[in-house]
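Working notes, beginning with the structure itself.
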Amino acid sequence: NEIRNRAMGREFYGSKKGCASTCNGFELKNDLDFDTTGDGVVDENDEFWNDGLGWEPIGSGNSSAHLSIFNGNSRTIKNLTINRPNTNNVGLFGYIRQSTLVGNVSLESVNVTGKKYVGGFAGVVNNSTLQTIYIDGQVQGLEEVAGVIGSLEENSSLTKSSHIGAVTGQDNIGGLVGYVYKSTISKVFHIGPVAGDDYVSGLVAEISDGNIEHAYSAGNVTGNDYVGGIAGTALFDYDAVSSQIKNVYSIATVTGNAEHVGALVGNVERTTITQAYWQTDAYSEESGMQGIGDTQNDTSIALTKLELQ
């Protein structure tokens, strides 16, 4: 809890003990459990219940963002519980900015609810490097909601990470990340149901000027428009060359009601897609499903379940 009061990581409860010269972050030395009583239920008897609101995310916004290293040392955090449906920037961390290394941690049995920018690990990540984050459990909110990060922005990266569980919301709902802008995700996956309205995906709901590499998704993906197994929509900004999606596959079953629906990507604008595979026998011939929605130039590769193995 003291981390929120020391965004730069220069000291811990006023002490610099253990720092070689200048402290620049925090590390976990033990596993943590938000079921502090150990009775199998997170409720009013637990330390971080906060009248039912649960854990208060570290960094509520840009001005109070976490700014330093967080090394989980391969430790496990259990039963993270947050119930803040009227709050933006929700997760273990609400807002992370300019952090050179965050991760190396597992979160088990998360139950996270927020409004906008909601993730099992972080609501917003800006200009930071995240890696080796494994999460299981459920995440829900309204917009920019995902299993790991709600919004990954401005020269950030997420690698070697995953989410297993359900993600639900309204718009920009992703199994792993809700919105990716000028950032990269690689060596990642999501398994589980994802449900929303527009911009819904098994992996990334919306990507603009970014890259997705070495990734896969599995589970039921349900939405209305801009729905896909890997990305709901992949776009570009006018000052960029293009977004890139490569070395990905989806065995998710994608369902949508409008024009921009694809087994891999619902909508594509100036995005390079290569070595992208999807499971064709997950759909009936009558569905008319293709790998990339609303396009005559579908560069994806359709394979049967047996061929994908």
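Residue numbers start at 1 and run along the sequence shown.
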Please table the atom pairs, donor to acceptor, closer than 3.5 Å between any side-chain atom in residues 148-157 and protein atoms at least two apart or in another chain.
{"residue": "S151", "atom": "OG", "partner": "E153", "partner atom": "OE2", "Å": "2.7"}
{"residue": "S156", "atom": "OG", "partner": "N127", "partner atom": "N", "Å": "2.7"}
{"residue": "S156", "atom": "OG", "partner": "S128", "partner atom": "N", "Å": "3.0"}
{"residue": "S156", "atom": "OG", "partner": "E153", "partner atom": "O", "Å": "2.7"}

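Between K160 and Y134, the shortest heavy-atom distance links the atoms O-CE2, 3.5 Å. Of all non-hydrogen atoms in I273 and T299, the two that sit nearest each other are O-OG1, 3.2 Å. Scanning both residues, N267 and H260, for their nearest heavy atoms gives OD1-CD2, 3.6 Å. In this structure, S250 and L264 approach most closely via the heavy-atom pair CB-CD2, 3.8 Å. For the pair H214 and V248, the tightest heavy-atom approach, listed with the atom from each and the gap, is N-CG1, 4.4 Å.
Counted by atom type alone, E206 and T233 present zero donor-acceptor pairs between their side chains at under 3.5 Å. E213 and N247 share no donor-acceptor pair across their side chains, judged by distance under 3.5 Å alone. Side-chain contact, T222 with N220: no donor N or O sits under 3.5 Å from an acceptor N or O. In the model, N89 has no side-chain atom that pairs as donor or acceptor with a side-chain atom of S60 under 3.5 Å. W278 and S300 form a side-chain donor-acceptor contact under 3.5 Å, judged by distance and modelled atom types alone. Side-chain contact, N111 with T81: no donor N or O sits under 3.5 Å from an acceptor N or O.
How far CG of N104 is from CG of N71: 5.0 Å, rounded to the nearest 0.5 Å. To the nearest 0.5 angstrom, T76 atom OG1 is 11.5 Å from N73 atom CG. Here L92 contributes atom CG and W55 contributes atom CH2; the two are 6.5 Å apart, rounded to the nearest 0.5 Å. Taken from CG in N172 to CD in E143, the straight-line distance is 7.0 Å, to the nearest 0.5 Å. The line from CG of N224 to CD of Q170 is 11.0 Å long, rounded to the nearest 0.5 Å. S106 OG to I135 CD1: the interatomic distance, rounded to the nearest 0.5 Å, is 9.0 Å.
Classification of the H66-F93 ring pair by plane angle, with boundaries at 30° and 60°, yields tilted.
Other members of the hydrophobic cluster containing F189, listed by chain and number, are I164, I191, Y216, Y249, I251, Y277, I301, L303, L308; membership follows side-chain contacts under 4.5 Å among ILVMFWY residues, whether direct or relayed.
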Show your working on side-chain hydrogen bond (donor to acceptor under 3.5 Å, both in side chains) between D209 and S243 and close with a plain yes or no. CA-CA 5 Å; D209 303 349; S243 293; 4.6 Å; no
Starting from the C-alpha separation in whole Å, work towards a yes-or-no answer on side-chain contact (heavy atoms from CB on, under 4.5 Å) for T100 and T129. CA-CA 5 Å; T100 57; T129 301; 5.7 Å; no
Take N79 and D33 through the side-chain hydrogen bond (donor to acceptor under 3.5 Å, both in side chains) test and state the conclusion after the steps. CA-CA 6 Å; N79 299 304; D33 195 339; 2.8 Å; yes
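Inter-residue side-chain proximity for Y117 and V90 is flagged as unmet; no heavy-atom pair is nearer than 4.5 Å.
No more than 12 heavy atoms of other residues, nucleotides or ligands lie within 6.0 Å of CG in D51, so this atom counts as exposed by the packing criterion.
Side-chain atoms of S99 come within 3.5 Å of backbone N or O of S68 as a donor-acceptor pair.
With F121 as the fixed residue, the side-chain contact (heavy atoms from CB on, under 4.5 Å) test singles out one of V110, V139, I96: I96.
I82 and V118 fall within the same hydrophobic cluster, defined by Ile, Leu, Val, Met, Phe, Trp and Tyr side-chain heavy atoms under 4.5 Å apart, directly or through other members. V145 and V180 fall within the same hydrophobic cluster, where Ile, Leu, Val, Met, Phe, Trp and Tyr residues are linked whenever their side-chain heavy atoms come under 4.5 Å apart, directly or through other members.
Qualifying salt bridge (Lys or Arg N to Asp or Glu O under 4.0 Å) partners for K115, counting only residues two or more places apart in sequence or in other chains: none.
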